[in-house]
Amino acid sequence: MDNAFPDGDGAARPAGPRIVVAPDSFKGSATAADAARAIAGGWASVRPFDELVLRPMADGGEGTLDAFAAAVPGAERRPVVVAGPAGAEHTAEWLLLPDGTAVVELAATSGLTLLDRPRPLEASTRGFGEAIGAALDAGAERLLLALGGSGSTDGGTGALTALGARFLRADGEPIAPGGGGLVELDRVELDGLRALPPGGATILGDVTNPLLGADGAAAVFGPQKGADADTVARLEQGLTRLAEATPGGDALAAAAGAGAAGGTGFALLAWGARMRGGAAAVAEAIGLDAALDGARIVITGEGRYDRQSAAGKAPSEVAARAAATGVPVALVAGRIDAETSAFRAAASLSSLAGSGARAMADPLAWLRAAGVELARAR
């Protein structure tokens with residue numbers, strides 16, 4: 001994305017102080033790129049001679065594929081037909097980078113936004129595994145597997161099934177797809193799993209939750225996917241059975257990030273993938289550190305800033321990198337539900353609009369308004 005934010009006639013403004021705009025997507029409202037442009041437009045309307053550098057972010061969830069595609073010259077989008085989270089086929093994309101790395105995003109194959117309604121017990125990650133398989137078939141040398149935005153709590157069993165694993169009941173038949181089927185799990189057979197590519201597989205996650213317990217996949221993320229208390233209890237029971245039946249499952253279940261994407265982190269760890277913070281990987285790919293060098297301020301943000309935002313999500317990664325270079329940070333969020341003392345300034349779209357509903361009705365206008373407010377407060 002161009003370093004100088006252009007005037008309406010396409011001519012670059014004379015460079016003043018450098019302002020870096022590096023938000024994540026505002027899920028369901030605005031992509032990271034659109035959010036960055038809107039914030040920058042608001043800032044430029046107040047301070048037209050500042051140099052605006054746009055670096056849209058992602059943290060392993062929705063928008064990670066787009067962030068890599070924009071940042072890496074020669075990146076090639078590859079379409080693939082996969083089973084959606086409810087089973088119906090749809091066309092998704094994965095990304096092939098020039099060095100042979102494949103980026104596969106779970107949100108694009110098995111995401112919550114692909115469901116017509118929440119299906120906490122039936123939704124599956126099979127399509128994610130099918131997209132990974134397509135990347136392997138194409139000769140990918142290594143995998144970057146972006147977790148986040150999942151519509152399922154199946155412990156990643158759908159994904160591993162597509163890659164050759166078997167999750168069986170006591171009678172030898174496969175369990176039903178989705179988290180609800182895990183309560184009938186008797187044994188796990190991983191011998192048929194496809195091999196990792198030569199360069200291995202790296203999980204890009206945005207959370208550090210374990211698989212089980214009060215901080216686990218079912219308890220924390222199940223309600224976001226439509227699970228009531230009884231359903232959460234059933235999902236927890238199934239995930240516990242999955243950990244018990246999987247070789248080395250007890251240790252894997254306790255690993256940071258095992259609970260990501262409804263337990264898909266656990267499944268990928270069992271496959272042999274390694275965990276890494278998604279925001280850190282994206283920040284490196286988009287050259288965020290170089291953009292911050294000499295910057296006056298960096299503006300980051302996301303749809304909702306809460307206590308989970310500090311655990312590896314994009315705003316925390318941007319803030320940490322800015323702190324290392326002494327660059328102040330400002331925050332824009334649709335809603336702010338956590339302490340913001342780490343930021344020089346903060347703007348809530350809900351507060352600016354007067355309500356969350358008004359902010360959601362025209363998010364780009366309120367993102368632009370946030371840019372105006374931050375520029376005036378500078």
Side-chain angles (χ1 to χ4, degrees), residues 24 57-62 64 103-107 110 112 125 128 132 142-150 152-157 159-160 179 182 188 190 196 200-225 232 235-236 238-285 302 304-321 323-324 338 342:
D24 197 351
M57 274 288 292
D59 54 20
E62 181 183 356
T64 299
V103 185
V104 187
E105 180 185 296
L106 185 145
S110 311
L112 184 62
T125 54
F128 185 49
I132 294 170
R142 63 195 61 80
L143 295 169
L144 295 179
L145 305 175
L147 303 191
S150 171
S152 169
T153 312
D154 72 349
T157 54
L160 290 197
L182 290 174
V188 176
L190 302 180
L196 292 169
T202 300
I203 304 163
L204 305 182
D206 62 353
V207 299
T208 57
N209 302 68
L211 181 67
L212 304 172
D215 294 324
V220 175
F221 305 116
Q224 300 173 10
K225 302 169 189 179
V232 166
L235 292 170
E236 180 74 9
L239 292 172
T240 300
R241 182 66 200 124
L242 177 63
E244 293 170 347
T246 301
D250 289 343
L252 294 175
T264 304
F266 171 86
L268 295 177
L269 289 170
W271 187 31
R274 63 187 180 92
M275 187 73 67
R276 188 185 181 198
V282 173
E284 290 177 8
E302 62 182 349
R304 179 178 178 181
Y305 184 80
D306 56 23
R307 64 182 185 86
Q308 290 185 19
S309 299
K313 291 187 177 289
S316 65
E317 181 68 23
V318 173
R321 289 174 180 264

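Quantities reported herein were computed from a predicted structural model and do not represent experimental measurements.
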Which is it for E317 and D59 under the side-chain contact (heavy atoms from CB on, under 4.5 Å) test, yes or no, and what are the steps along the way?
CA-CA 9 Å; E317 181 68 23; D59 54 20; over 6 Å; no

Heavy-atom side-chain proximity of T264 to L145 below 4.5 angstrom
no

Shortest non-hydrogen pair, E62 vs D24, comes out as O-OD1, 4.3 Å

Roughly how far apart are F128 CZ and S150 OG, rounded to 0.5 Å?
9.5 Å

Provide the closest heavy-atom pair for L106 versus A261 in the form atom of the first, atom of the second, distance.
CD1-CB, 4.0 Å

Across all chains, not counting sequence neighbours, the side chain to side chain donor-acceptor pair (under 3.5 Å) partners of R276 are E284

Nearest 0.5 Å please: distance from the CG atom of L204 over to the CE atom of M275.
9.5 Å

Shortest non-hydrogen contact from R321 toward A283
NE-CB, 3.4 Å

Smallest heavy-atom separation, G155 atom then F266 atom, equals O-CD2, 4.4 Å

Atom pairs and distances, side-chain donor-acceptor, residues 239-259, under 3.5 Å, sequence neighbours left out:
| from | atom 1 | to | atom 2 | distance (Å) |
| --- | --- | --- | --- | --- |
| T240 | OG1 | E236 | O | 2.8 |
| R241 | NE | L185 | O | 2.8 |
| R241 | NH1 | E244 | OE1 | 3.2 |
| R241 | NH2 | D186 | O | 2.8 |
| T246 | OG1 | L242 | O | 2.7 |

Straight-line distance of T125 OG1 to L147 CG, nearest 0.5 Å:
10.0 Å

When you measure from the side chain of N209 to the backbone of D215, do you find a donor-acceptor pair of N or O atoms at a distance under 3.5 Å?
yes

Side chains of R142 and T202, heavy atoms from C-beta outward: is any pair under 4.5 Å?
no

Does any non-hydrogen side-chain atom of L268 lie less than 4.5 Å from one of W271?
yes

Are side-chain heavy atoms of T153 and K225 found at a separation under 4.5 Å?
yes

I need the minimum non-hydrogen distance between A219 and A214, along with the two atoms involved.
CB-O, 3.6 Å

